[in-house]
Amino acid sequence: MAEIATIARPYAEAVFSLAKQAGTLDAWSEQLALANAVAADADMQRLAADPNVSAEQLNNLFAAVCGSNLSAEAGNFITLLIDSGRIQVLPAIVAQFEVLKASEGGVLDAAVTSAFAMSDAQLAGLSARLESRFKCKINASVTVDPELIGGVIVAVGDEVYDASVRGKLQGMAYALKR
């Protein structure tokens with residue numbers, strides 16, 4: 001998973017820079033969401049993985065499905081991904097683009113996984129610590145996973161903080177095996 005994020009980062013940063021300079025962050029966000037939905041379609045994924053389907057055929061199909069909903073730049077970006085065999089990285093590119101866009105607006109999303117339900121006060125305290133760490137507003141969403149045993153896992157963008165008992169036990173098991 002880290003490899004996909006590493007591959008996606010320069011693409012996301014380049015698209016973000018282009019969109020920011022042109023003042024079209026929202027338009028790019030919409031176009032990337034559309035392209036991501038098309039790329040996520042099971043038939044499209046099957047065709048992208050088929051070695052008998054050329055990049056040109058896949059580009060033509062993608063252009064036909066998206067129609068005029070993609071700008072010339074967005075179409076060129078999708079063509080670049082298809083030609084380089086990296087269309088499967090598009091979901092990670094979109095996710096990182098949205099993180100960059102949110103941080104530009106001063107807001108980041110944090111996915112908190114907790115072993116137990118968190119009270120509003122606990123969530124507010126965690127959000128305050130994250131806001132001081134990232135120097136921006138944090139929108140935290142919480143999911144409960146009892147398999148963590150205790151503690152939390154916090155994901156903000158591509159940074160993950162594992163303060164769970166399960167994570168600590170896995171770390172200890174790894175250290176003991178070495």
Side-chain angles (χ1 to χ4, degrees), residues 1-20 23-42 44-45 69 74 77-78 81 86-178:
M1 170 130 51
E3 183 177 304
I4 290 176
T6 303
I7 292 169
R9 184 174 293 114
Y11 289 107
E13 289 173 350
V15 169
F16 178 77
S17 177
L18 176 70
K20 185 177 173 185
T24 57
L25 285 171
D26 291 333
W28 267 97
S29 185
E30 290 173 13
Q31 293 175 82
L32 287 174
L34 170 66
N36 194 29
V38 171
D41 180 70
M44 186 64 80
Q45 288 180 349
N69 294 320
F77 178 66
I78 298 303
L81 291 177
R86 295 207 164 146
I87 193 67
Q88 75 279 4
V89 181
L90 186 58
I93 294 170
V94 173
Q96 289 188 26
F97 175 86
E98 292 301 328
V99 167
L100 290 169
K101 181 181 167 200
S103 66
E104 178 72 15
V107 179
L108 288 175
D109 290 328
V112 179
T113 306
S114 175
F116 303 100
M118 296 179 73
S119 69
D120 290 339
Q122 289 172 320
L123 185 58
L126 178 60
S127 293
R129 285 190 296 258
L130 291 171
E131 287 173 1
S132 68
R133 161 70 175 92
F134 288 98
K135 311 255 188 289
C136 65
K137 175 95 174 90
I138 297 288
N139 287 333
S141 61
V142 179
T143 57
V144 176
D145 181 3
E147 292 185 10
L148 293 181
I149 305 170
V152 296
I153 298 174
V154 179
V156 180
D158 60 354
E159 293 185 45
V160 177
Y161 302 97
D162 188 348
S164 68
V165 173
R166 181 180 68 186
K168 302 276 188 230
L169 290 173
Q170 288 173 339
M172 286 179 9
Y174 175 74
L176 289 173
K177 288 180 183 177
R178 291 181 41 196

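- Once rounded to the nearest 0.5 Å, the distance linking CD1 of Ile93 with CG of Leu81 reads 4.5 Å.
- In this structure, CD in Glu30 is found 11.5 Å from CG in Leu25, a value given to the nearest 0.5 Å.
- A side-chain donor-acceptor contact under 3.5 Å links Gln31 to the backbone of Ala27.
- With rounding to the nearest 0.5 Å, the separation of CG in Leu18 from CH2 in Trp28 is 5.5 Å.
- With sequence neighbours excluded, the residues satisfying side-chain contact (heavy atoms from CB on, under 4.5 Å) with Val99 are Leu108.
- To the nearest 0.5 Å, the span separating CG on Leu100 from OG on Ser17 amounts to 10.0 Å.
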request  = Please report the C-alpha distance between Asp26 and Lys101 in whole Å, then the side-chain angles of each, then the deciding distance to 0.1 Å, and finally whether the salt bridge (charged side-chain N to carboxylate O under 4.0 Å, His left out) criterion is met.
outcome  = CA-CA 9 Å; Asp26 291 333; Lys101 181 181 167 200; 2.9 Å; yes
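- Here the side chains of Leu32 and Val15 are in contact, with some heavy-atom distance below 4.5 Å.
- Contact of the Val144 side chain with the Met118 side chain is not registered, since no non-hydrogen atoms from C-beta on lie closer than 4.5 Å.
- By the 4.5 Å heavy-atom criterion applied to side chains, Val107 and Asn139 are counted as neighbours.
- Side-chain atoms of Ile87 and Ile78, non-hydrogen and from C-beta on, do get closer than 4.5 Å to each other.
- The distance from the OG atom of Ser114 to the CG atom of Leu148 is 7.5 Å, given to the nearest 0.5 Å.
- Panel note: side chain Glu98, backbone Ala95; no donor-acceptor pair is recorded below 3.5 Å.
- Between the side chain of Glu131 and the backbone N or O of Cys136, no donor-acceptor pair lies under 3.5 Å.
- Listed by chain and residue number, Glu159, Tyr161 satisfy the side chain to side chain donor-acceptor pair (under 3.5 Å) test with Arg133 (two or more places apart in sequence, or in another chain).
- Side-chain contact between Tyr11 and Phe97: absent, with no pair of heavy atoms (C-beta onward) separated by less than 4.5 Å.
- Across all their heavy atoms, Val89 and Ile4 have their closest contact at CG1-O, 4.0 Å.
- Here the straight-line distance linking atom CZ of Phe116 with atom CD1 of Ile149 works out to 9.5 Å at 0.5 Å rounding.
- With contacts defined as side-chain heavy-atom distances shorter than 4.5 Å, the pair Leu130/Val154 qualifies.
- A donor-acceptor pair is defined here as one N or O able to donate and one able to accept, closer than 3.5 Å; no such pair exists between the side chain of Gln96 and the backbone of Glu13.
- Contact of the Leu126 side chain with the Val112 side chain is registered, since non-hydrogen atoms from C-beta on lie closer than 4.5 Å.
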